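In this text the structure is predicted, and so the values were computed from the model without any measurement. All chains are named by letter (A, B, ...) in the order of the sequence lines, taking the proteins before the strands, and each is independently numbered beginning at 1.
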Number of protein chains: 2
Amino acid sequence: MTTETMNIRDMCAAFDVTPRTLRFYEAKELLFPVREGQRRLFTKRDRARLKLILRGKRFGFSLEEIRQLLDLYHMDDSQLTQLSKTLTLAERHLADMEAQKVELDEAIGELKGQMKWATDKLASLEAR
Amino acid sequence: MTTETMNIRDMCAAFDVTPRTLRFYEAKELLFPVREGQRRLFTKRDRARLKLILRGKRFGFSLEEIRQLLDLYHMDDSQLTQLSKTLTLAERHLADMEAQKVELDEAIGELKGQMKWATDKLASLEAR
DNA sequence: ACGTATCATTACGTTAACGTCAATTTGTCT
DNA sequence: AGACAAATTGACGTTAACGTAATGATACGT
């Protein structure tokens, strides 16, 4: 079975981040590694969160925005108080992401067009 | 017909940016407004570039990366020297964007799932 | 001619997201 | 026990992308 907790070094290797980054995320309350004496041990939950954090970053969300979204993913049945507030936030993010998708499709299309133009240009030059 | 050039104020209004941003982009050689005395006049070309700049930003590209991509969009027949180099860059960006699209679809799916869970939870609480 | 608004330049300030370095502490091997 | 590697905690440094404030030139309406 998959090891229950990971030390900082393995965590860094697994996600291609630096120790500094993990400590920084803990300071910002994005991760909550447990302690074995002084050392950090990252749980399965931390790994799930980190995956979402890195994904969020690739989409251009700030760490603070990501922190709020993580609440939605890791909400347990007890703390449903702020659920509706979080849902509203999630809806905005979803709208953002879907708009981003439309734009992305457009941009990919345009870029492909330009690349075809450039490729043809190159070919016509090489056939001099 | 569409006005050939725009002053900084209109440009800001049209694209929802600050004057500082436009001057900054000029300093970074992303835009090349002409001068009327001291004042900047933004051309159609500047408007096209700014549109691409803002789009690039939404996709998480740095201004420097965007600057290099702009070369591809605004290359004229004369300066084809670095074309193939630029094409390589464009290919990397295209791959990036398509990977981003796949991930985005995934993320949208997951987020929707979480939102449905949360919405159902809320409903079951309100029907107490 | 004069006040006002708009633009310009210069320069220093700010925020996010870490990097880097020094000084300790702790576990491990011999 | 001594040495070494690995982790921790400050604390200060860095970069990108502008913000902001001060100062000065231009144009415009009256």
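Where A/L41 and B/F61 each meet DNA chain D at their nearest nucleotide, the meeting point lying more 5' is that of A/L41. Both A/R39 and A/R20 lie near DNA chain D, and the one whose nearest nucleotide falls closer to the 5' end is A/R39.
For A/I8, taking side-chain heavy atoms from C-beta onward, the closest of the listed nucleotides D/dT8, C/dT9, D/dA17 is D/dT8. In this structure, the nucleotide among D/dC18, C/dC18, D/dT8 sitting nearest to the side chain of A/K57 is C/dC18. Out of C/dA17, C/dG19, C/dT9, the shortest distance to the side chain of B/R23 is found at C/dT9. Across C/dG19, C/dA17, C/dT25, the shortest atom-to-atom separation from the side chain of A/L63 is found for C/dA17.
In this structure, the CD1 atom of B/I53 is 14 Å from the C1' atom of D/dC18, given to the nearest Å. Rounded to a whole Å, the CZ atom of A/F24 is 11 Å from the C1' atom of C/dG19. B/L54 has its CG atom 13 Å from the C1' atom of D/dA17, to the nearest Å. At whole-Å resolution of the value, CG in B/L22 and C1' in C/dT6 are 15 Å apart. To the nearest angstrom, P of D/dA7 lies 13 Å from CZ of A/R35. Here the P atom of nucleotide D/dT15 and the CD atom of B/E65 are 17 Å apart, to the nearest Å. Atom CG of B/N7 is separated from atom C1' of C/dA8 by 14 Å (rounded to the nearest Å). Separating the CD atom of B/Q38 from the P atom of C/dA5 is a distance of 20 Å, rounded to the nearest angstrom.
No donor-acceptor pair under 3.5 Å is formed between the side chain of A/R58 and the backbone N or O of B/Q100. Side-chain N or O atoms of B/D46 include one that pairs as donor or acceptor with a backbone N or O of B/T43 at under 3.5 Å.
Between A/T21 and the phosphate of C/dG19, there is a side-chain N or O to OP1/OP2 separation shorter than 4.0 Å. Between A/Y25 and C/dA17 there is no side-chain N or O to OP1 or OP2 distance below 4.0 Å. Residue A/R67 has no polar side-chain atom (N or O) positioned under 4.0 Å from OP1 or OP2 of C/dA17. Residue A/T18 places no side-chain N or O under 4.0 Å from the OP1 or OP2 atom of C/dC18.
Nearest heavy atom pair, residue A/L30 against residue A/L63, reads CD2-O, 3.8 Å.
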Verdict with supporting geometry, A/H93 and B/M115, side-chain contact (heavy atoms from CB on, under 4.5 Å): CA-CA 11 Å; A/H93 276 280; B/M115 288 174 67; over 6 Å; no
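Distance check: A/I108 CD1 to B/F59 CZ gives 8.0 Å after rounding to the nearest 0.5 Å.
Backbone-only engagement by B/R40 is indicated by non-hydrogen atom pairs under 4.0 Å involving sugar-phosphate atoms exclusively. Nucleic acid contact class of B/R9 (heavy atoms, under 4.0 Å, all strands): sugar-phosphate only.
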